[in-house]
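Below is one structure, written out as structure tokens; comments come after it.
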Amino acid sequence: MTREQQKFSSKLGFILAAAGSAVGIGNLVGFPVNAAKNGGGAFLFVYAFFVLFICLPVMIAEMSIGRKANQEPVGTYKTLSEGSSFWGGAGFLSVITPFMIAVFYTVITVWVLSYLVLIVSGQLSYLVTPSSFNEIINSPYIFIALIALVLMVGFILIAGVKNGIEKVAKRLMPALFIMLLALVIFILMQDNAWSGVKYFIVPDFTKLNSGVISHALSQAFFSLSLGMGIFITYGSYISRKDNIVHSAKLVALTDTGVAFIAGLMILPAIFSFNPNINTDELSSSSVALIFTFLPKIFLALSTTIGYFLASLIAAVFFLLVFFAALTSLVSILEVPVAFIAKKQNDSRKKALLIILCIGGALSVITTTSFGMLDYFTDFIVYNAQSKSFFDLIYDVFYDTILPLNGLLLCLFVSYRWRQKGRNGLSDEISQGNTNYIGSFTEKYISFSLSTFIPLILLSIFSYTVAQKFWGYSFFS
Ligand code: PHE
């Protein structure tokens with residue numbers, strides 16, 4: 001199976017696979033709760049603005065360099081910079097970041113799978129007991145779920161881009177849409193549901209401050225799977241006849257649409273459970289929400305619809321989250337797999353084996369960092385706080401390096417990538433998009449990627465480093 005054969009079979013296949021990558025836990029839970037806590041419609045407005053004016057140009061740039069070089073991130077940066085090792089290093093960051101993010105994402109996906117299995121076996125009522133979460137994530141059974149997940153991911157990735165990633169996305173994404181809509185309709189029929197909708201949509205501009213705004217941008221960046229080399233790698237699997245701007249718009253629209261619709265499920269559910277809830281009290285962590293708060297809501301439904309139906313609704317919800325997480329996981333792992341495959345004479349099998357073994361081992365370590373092993377639970381101290389192995393990966397790769405990757409990409413496409421004396425980006429985007437050169441879109445993309453987008457990403461990066469690792473806050 002050679003790398004040259006790895007292509008999506010159709011534009012729809014690519015859009016679904018890319019949307020499968022983007023739609024994940026961030027959309028289904030992270031976004032709705034952030035919106036509710038940070039001004040409802042006002043947050044939605046800021047978020048949509050960022051998606052359109054900041055994230056879309058970055059996504060388009062990622063797809064363009066990948067398609068031009070027809071390689072994974074390291075090869076892409078190296079080829080387009082004519083062999084620069086500095087830019088090769090930037091490419092390497094775009095390979096290691098998704099790999100490490102995959103490690104913590106795997107752990108959370110394993111929890112989702114375990115909850116799903118427990119609900120299906122009739123144990124919804126156990127999930128609401130206060131100690132259940134800790135018991136579940138520290139039980140030896142969690143490793144069985146981990147092995148099952150690694151096998152599933154392995155089966156999908158070994159089949160390749162067209163027969164694995166694309167096929168799975170074509171089945172799971174429509175299923176995901178249907179389950180999401182069914183849940184929304186069901187939840188909206190519950191008492192008090194509409195006060196949740198109001199809370200989600202009615203804007204409260206007084207809540208917007210610099211913290212909320214930078215949070216909205218990070219949320220949008222993560223949700224669209226940017227800075228992880230995914231769209232560089234996927235870009236190498238698409239045809240030069242495809243219109244990249246159009247494809248990127250569809251992916252962003254799907255991702256944002258799913259996040260918005262998920263808000264119509266999560267917030268009404270929270271409000272119908274407790275009409276007087278103060279959303280400030282909701283934990284901003286998706287993890288706390290999925291695993292401790294939502295099971296309570298599902299169980300509460302059993303007083304009106306019975307235990308069986310309540311478990312069914314809970315199972316559909318966890319299946320939905322699981323599908324979303326699985327398609328995301330496959331896409332992040334494709335990046336290091338493509339990178340190693342190239343090093344291994346285009347053998348995907350070998351590459352996959354290497355990635356799944358190292359990734360699996362790191363996931364085992366991460367799984368033990370929630371109390372199972374003290375060494376990994378109190379792994380390191382920085383900023384006067386004891387951090388677990390999980391926290392370390394999260395802080396370094398997700399919070400810090402993600403915006404750095406975005407920044408490097410902007411600098412690369414704006415100031416380094418030249419072709420016949422001209423900027424290579426516009427040239428590449430115009431393939432499959434004949435009206436691009438000279439259009440307003442071209443002017444906006446070139447201007448934004450060379451000016452304010454890198455500046456914003458630089459400030460997020462410096463702010464995070466200063467605050468996370470030295471406890472220094474610019475705003476206080
Ligand atoms: N974008 C996904 C989400 O919203 C997360 C993701 C992370 C996807 C890493 C791919 C890679 O949850």
Side-chain angles (χ1 to χ4, degrees), residues 15-35 47 50-51 55-56 58-59 62-63 73 93-112 149 153 156-157 165 168-169 172-173 176 180 215-234 248 251-263 266 284-287 289-290 320-338 355 359 362-363 366 390 393-394 396-403 405-406:
I15 305 279
L16 284 176
S21 165
V23 172
I25 295 171
N27 303 63
L28 295 178
V29 194
F31 175 83
V33 175
N34 271 312
Y47 182 89
F50 284 152
V51 168
C55 295
L56 252 183
V58 174
M59 187 188 282
E62 286 198 12
M63 288 182 187
L93 269 187
S94 282
V95 170
I96 194 79
T97 310
F99 179 66
M100 294 308 286
I101 288 183
V103 169
F104 84 72
Y105 211 73
T106 297
V107 174
I108 298 178
T109 310
V110 164
W111 298 346
V112 172
L149 179 67
V153 170
I156 299 172
L157 285 176
I165 299 180
V168 167
L172 295 195
M173 292 310 284
L176 185 147
L180 180 62
H215 201 76
L217 182 56
S218 315
Q219 168 78 26
F221 215 76
F222 177 72
S223 181
L224 291 174
S225 305
L226 299 178
M228 306 185 201
I230 293 174
F231 290 110
I232 302 180
T233 310
Y234 276 18
V251 175
L253 191 70
T254 311
D255 186 67
T256 310
V258 169
F260 180 76
I261 295 172
I266 300 281
S284 50
S285 123
S286 303
V287 167
L289 214 92
I290 298 181
L320 169 74
V321 179
F322 180 66
F323 281 0
L326 183 65
T327 47
S328 294
L329 202 51
V330 163
S331 76
I332 354 178
L333 282 169
E334 174 60 20
V335 181
V337 166
I355 291 297
L362 286 171
S363 301
T366 313
F390 178 96
I393 299 183
Y394 185 91
V396 172
F397 289 96
Y398 167 65
D399 253 352
T400 313
I401 302 200
L402 220 52
N405 286 343

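Excluded from the calculations below are hydrogen atoms, water molecules and symmetry mates; all remaining heavy atoms, backbone and side chain alike, are included. Everything numeric here is computed off the predicted structure, so don't read it as measured data. As the structure lists them, so they are numbered: ligands from 1, and atoms in each ligand from 1.
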Nearest non-hydrogen partners of Ala252 and Leu224, listed with the distance | CA-CD2, 3.9 Å
In the protein, what heavy atom is nearest to atom 9 (C) of ligand 1, and what distance, to one decimal place, separates them?
-> Met228 SD, 3.3 Å
Assess whether side-chain contact (heavy atoms from CB on, under 4.5 Å) is satisfied between Phe390 and Ile108, documenting all intermediate values.
-> CA-CA 11 Å; Phe390 178 96; Ile108 298 178; 4.1 Å; yes
Taking only heavy atoms of Ile101 into account, list the atoms of ligand 1 that are under 4.0 Å away from them.
-> 9 (C)
The atoms of ligand 1 lying under 4.0 Å from a heavy atom of Ile230, numbered in the order shown, are 10 (C), 11 (C)
Would you say ligand 1 has an N or O under 3.5 Å from any N or O of Ser331?
-> no
side-chain contact (heavy atoms from CB on, under 4.5 Å) between Val321 and Thr109: does it pass, once the steps are laid out?
-> CA-CA 9 Å; Val321 179; Thr109 310; over 6 Å; no
A student comparing Ala19, Ser328, Ala22, Ala259 should find that the heavy atom closest to atom 1 (N) of ligand 1 comes from Ala22
Can you pull out the closest protein heavy atom to atom 10 (C) of ligand 1? Residue, atom name and distance to 0.1 Å, please.
-> Ser225 OG, 3.4 Å
Does at least one non-hydrogen atom of Leu28 fall below 4.0 angstrom from an atom of ligand 1?
-> no
Below 3.5 angstrom, do we get any N/O pair linking Phe222 and ligand 1?
-> yes
Could you list the atoms of ligand 1 found under 4.0 angstrom from a heavy atom of Ser223?
-> 1 (N), 4 (O)
Yes or no on side-chain contact (heavy atoms from CB on, under 4.5 Å) for Leu402 and Ile101, after CA distance, side-chain angles and deciding distance?
-> CA-CA 10 Å; Leu402 220 52; Ile101 288 183; 3.9 Å; yes
For the rings on Phe104 and Phe397, is their centre-to-centre separation under 6.0 Å?
-> no
Under 4.0 Å to a heavy atom of Ser21 - the qualifying atoms of ligand 1, by number | 1 (N), 2 (C), 8 (C), 10 (C)
What are the two closest heavy atoms between Val251 and Ala18, and how far apart are they?
-> CG2-CB, 3.7 Å
Run the numbers for me: atoms of ligand 1, each under 4.0 Å from some heavy atom of Ile25, listed by number.
-> 3 (C), 12 (O)
When Ile332, Val335, Val337, Ile355 are each screened for side-chain contact (heavy atoms from CB on, under 4.5 Å) with Phe99, the one that passes is Ile355
Proximity to ligand 1 by part of Tyr105, non-hydrogen separation under 4.0 Å = side chain
Which heavy-atom pair separates Phe222 from Tyr105 by the least distance, and what is that distance?
-> CZ-CE1, 4.1 Å
For ligand 1, indicate whether the residue Leu329 contacts it via side chain, backbone, both or neither (heavy-atom separation under 4.0 Å).
-> neither
So which protein heavy atom does atom 12 (O) of ligand 1 come closest to, and at what separation?
-> Gly26 N, 2.7 Å
Give the residue, atom name and distance (to 0.1 Å) of the protein heavy atom nearest atom 4 (O) of ligand 1.
-> Asn27 OD1, 2.9 Å
Checking side-chain contact (heavy atoms from CB on, under 4.5 Å) for the pair Leu157/Glu334: CA distance, chi angles, key distance, verdict?
-> CA-CA 7 Å; Leu157 285 176; Glu334 174 60 20; 3.5 Å; yes
With respect to Pro32, which candidate in Leu289, Ile266, Asn27 satisfies the side-chain contact (heavy atoms from CB on, under 4.5 Å) definition?
-> Ile266
Please confirm whether Leu224 comes within less than 3.5 Å of ligand 1 when only nitrogen or oxygen atoms on both sides are compared.
-> no
